[in-house]
Amino acid sequence: MTQTNALGRTGVNALPVAKTRRPGSTRQGKNVQRVAVIIPAKDEAERIASAVRSARAIPHVDLVLVVDDGSEDDTSNVARGAGAVVVRHSHNRGKSAAMETGAAVVAMRDADGRPPRLLLFIDGDLGDTAVNTAPLVRPVLEGVADVAIALLPKQPGAGGRGIVVGTARKAIQAMTGWSPKQPLSGMRCITREAFEAATPLAKGWGVETGMTIDLLRRGYVAVEVPCDLRHRPSANDLKGQMHRAAQYRDVLVAINFRKVRGAMDSVRHTNQVRH
Ligand SMILES: O=c1ccn([C@@H]2O[C@H](COP(=O)(O)OP(=O)(O)O[C@H]3O[C@H](CO)[C@@H](O)[C@H](O)[C@H]3O)[C@@H](O)[C@H]2O)c(=O)[nH]1
Ligand SMILES: O=C(O)[C@H](O)COP(=O)(O)O
């Protein structure tokens with residue numbers, strides 16, 4: 001497990017923990033910390049049922065929410081049949097928007113007087129390996145980190161050349177000091193507080209890169225945790241290359257927006273110091 005905070009120091013022992021133990025993380029009575037799994041899903045009818053069933057088996061999870069992001073297939077019905085709560089975008093709005101919708105719906109279902117649920121975002125194509133995101137919960141539950149990000153094993157059939165991943169990693173390192181191994185990994189367990197601090201999220205495929213930069217710059221702590229997951233990787237065909245082009249575009253937008261905002265913040269800060 002590698003860990004970082006805004007100062008970019010790494011190594012579990014070298015780092016301060018994020019916070020003291022949260023009141024909600026005890027196992028006593030109604031204070032048992034609950035976790036909501038949020039699955040943004042576009043045209044995942046083939047794999048969503050096993051992902052939902054598998055996610056329901058993760059300890060602490062009492063809600064599995066599928067956000068159908070304008071699918072043209074039977075994703076909603078299949079997910080509901082497997083035991084998920086389902087909400088649907090009437091048209092496709094992108095993964096990031098589906099994550100925001102999911103978090104808003106979970107907030108509506110969080111009970112008054114109880115700690116808000118931890119949010120565990122996972123992809124809809126994990127099939128029955130979804131349960132293997134369980135190790136992401138513990139570091140957040142125990143207050144070791146504010147966000148825990150899955151490190152996936154090498155995926156058979158993956159056709160990437162590391163261009164998008166490398167761009168995201170370099171930018172995160174330049175802006176926060178931390179060099180994540182898998183900056184695009186969307187399997188993330190995060191506290192409600194940290195999620196709110198990272199909103200509004202960067203659009204589309206820029207969401208993970210933007211979220212990591214925003215959280216670390218605000219002093220939140222991230223860890224990467226190995227998880228034995230299998231997903232449908234993008235191959236090296238035309239469809240895969242088109243997908244990577246869209247990822248590259250969104251990641252660059254997220255990075256550049258944060259560069260400009262960072263520059264404006266430092267001008268504002270300098271002006272405040274002068275006056
Ligand atoms: O418009 C869309 C497109 C996709 N999805 C869902 O988003 C998830 C991830 O999409 P996928 O097609 O599996 O993308 P990948 O390229 O395989 O995703 C990798 O890279 C993305 C960042 O570019 C991360 O969000 C993912 O977590 C990571 O697995 C899946 O559940 C999709 O159904 C939506 O909700 N809306
Ligand atoms: O296949 C992947 O890992 C992603 O689509 C990112 O593409 P990349 O390998 O070209 O960075």
Side-chain angles (χ1 to χ4, degrees), residues 37-52 55 64-76 78-79 84 86-103 120-127 129-130 133 136 147 149-172 180-190 201-212 224 227 229-255:
V37 172
I38 299 174
I39 312 182
K42 165 85 167 52
D43 297 332
E44 298 286 3
E46 267 179 39
R47 304 187 76 165
I48 198 74
S50 50
V52 167
V64 176
L65 177 70
V66 169
V67 182
D68 180 344
D69 186 25
S71 294
E72 290 168 9
D73 68 7
D74 208 22
T75 294
S76 283
V78 176
V86 178
V87 293
R88 179 175 154 79
H89 290 166
S90 57
H91 59 279
N92 178 235
R93 295 173 54 199
K95 188 197 175 200
S96 166
M99 290 170 66
E100 289 189 336
T101 298
L120 175 54
F121 292 97
I122 69 170
D123 290 351
D125 61 353
L126 295 177
T129 71
T133 56
L136 298 175
V147 61
I149 304 167
L151 277 179
L152 284 72
K154 204 169 158 35
Q155 302 289 308
R161 283 190 283 164
I163 296 169
V164 189
V165 168
T167 303
R169 184 187 296 123
K170 266 201 336 223
I172 293 169
K181 290 194 175 73
Q182 293 180 12
L184 302 187
S185 174
M187 275 51 75
R188 298 177 168 215
C189 184
I190 184 169
L201 302 175
K203 301 284 170 248
W205 302 116
V207 61
E208 293 85 10
T209 308
M211 176 191 278
T212 301
E224 288 187 305
C227 295
L229 304 173
R230 296 281 175 281
H231 75 128
R232 174 199 52 226
S234 297
N236 201 8
D237 53 8
L238 180 63
K239 191 172 166 221
Q241 295 308 346
M242 301 278 286
H243 178 56
R244 285 189 191 91
Q247 287 178 307
Y248 191 58
R249 174 200 64 205
D250 290 353
V251 164
L252 280 185
V253 169
I255 293 167

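Starting from 1, each residue takes its place in the sequence as its number. Predicted model, so just to flag it, every value in this text is computed and none were measured. What you see below is based on every heavy atom in this structure, not just the backbone, and it leaves out hydrogens, waters and symmetry mates. Atoms within a ligand are numbered from 1 in the order they appear, just like the ligands themselves.
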Handout entry: Asp69 and His89: side chain donor to acceptor below 3.5 Å
Key =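 Yes, side-chain donor-acceptor contact under 3.5 Å.
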
Fill in the blank from the handout: Expected contact list for ligand 1 at under 4.0 angstrom, heavy-atom basis, is Pro40, Ala41, Lys42, Glu44, Asp69, Asn92, Gly94, Lys95, Asp123, Gly124, Asp125, Leu184, Gly186, Trp205, Glu208, His231, Arg232, His243, Gln247

Practice task
Grab the two heavy atoms, one from Ile172 and one from Pro183, that are nearest each other, plus how far apart they are.
Solution key: CD1-CB, 3.7 Å

Practice task
Search all heavy atoms of Asp123 against all heavy atoms of Ile39 and return the closest pair with its distance.
Solution key: C-CG2, 3.8 Å

Problem - Short side-chain to backbone donor-acceptor contact, Gln155 and Leu229, under 3.5 Å - result: yes

Are there any protein N or O atoms under 3.5 Å from the N or O atoms of ligand 2? List them with distances, or say none.
unit_1	atom_1	unit_2	atom_2	d
ligand 2	1 (O)	Arg244	NE	3.3
ligand 2	1 (O)	Arg244	NH2	3.1
ligand 2	5 (O)	Arg244	NE	3.4
ligand 2	5 (O)	Gln247	OE1	2.7
ligand 2	7 (O)	Arg244	NE	3.2
ligand 2	9 (O)	Arg161	N	3.2
ligand 2	9 (O)	Gly162	N	2.8
ligand 2	10 (O)	Arg161	N	3.4
ligand 2	10 (O)	Gly162	N	3.4
ligand 2	10 (O)	Ile163	N	3.2
ligand 2	11 (O)	Ile163	N	3.1
ligand 2	11 (O)	Val164	N	2.8
ligand 2	11 (O)	Val165	N	2.8

Exercise for the section: Under the side chain to side chain contact (heavy atoms under 4.5 Å, CB included) rule, what do Arg93 and Thr101 come out as? Steps first, then yes or no, please. Expected result: CA-CA 10 Å; Arg93 295 173 54 199; Thr101 298; 4.0 Å; yes

Practice task
State, with a plain yes or no, whether a side-chain heavy atom of Leu184 is found less than 4.5 Å away from one of Gln247.
Solution key: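 Of all side-chain heavy-atom pairs linking Gln247 with Leu184, at least one is under 4.5 Å.
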
Practice task
Determine, for Lys95 against Glu208, whether the closest basic-nitrogen to carboxylate-oxygen distance falls under 4.0 angstrom.
Solution key: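 Salt bridge flag = yes for Glu208 with Lys95.
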
Practice task
Any salt bridge (charged side-chain N to carboxylate O under 4.0 Å, His left out) involving residues 38-47? Give me the pairs, sequence neighbours left out, ordered by first then second residue.
Solution key: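 Found Glu44-Arg232.
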
Handout entry: Residues that Arg88 engages under salt bridge (charged side-chain N to carboxylate O under 4.0 Å, His left out), provided they are two or more places apart
Key = Asp68

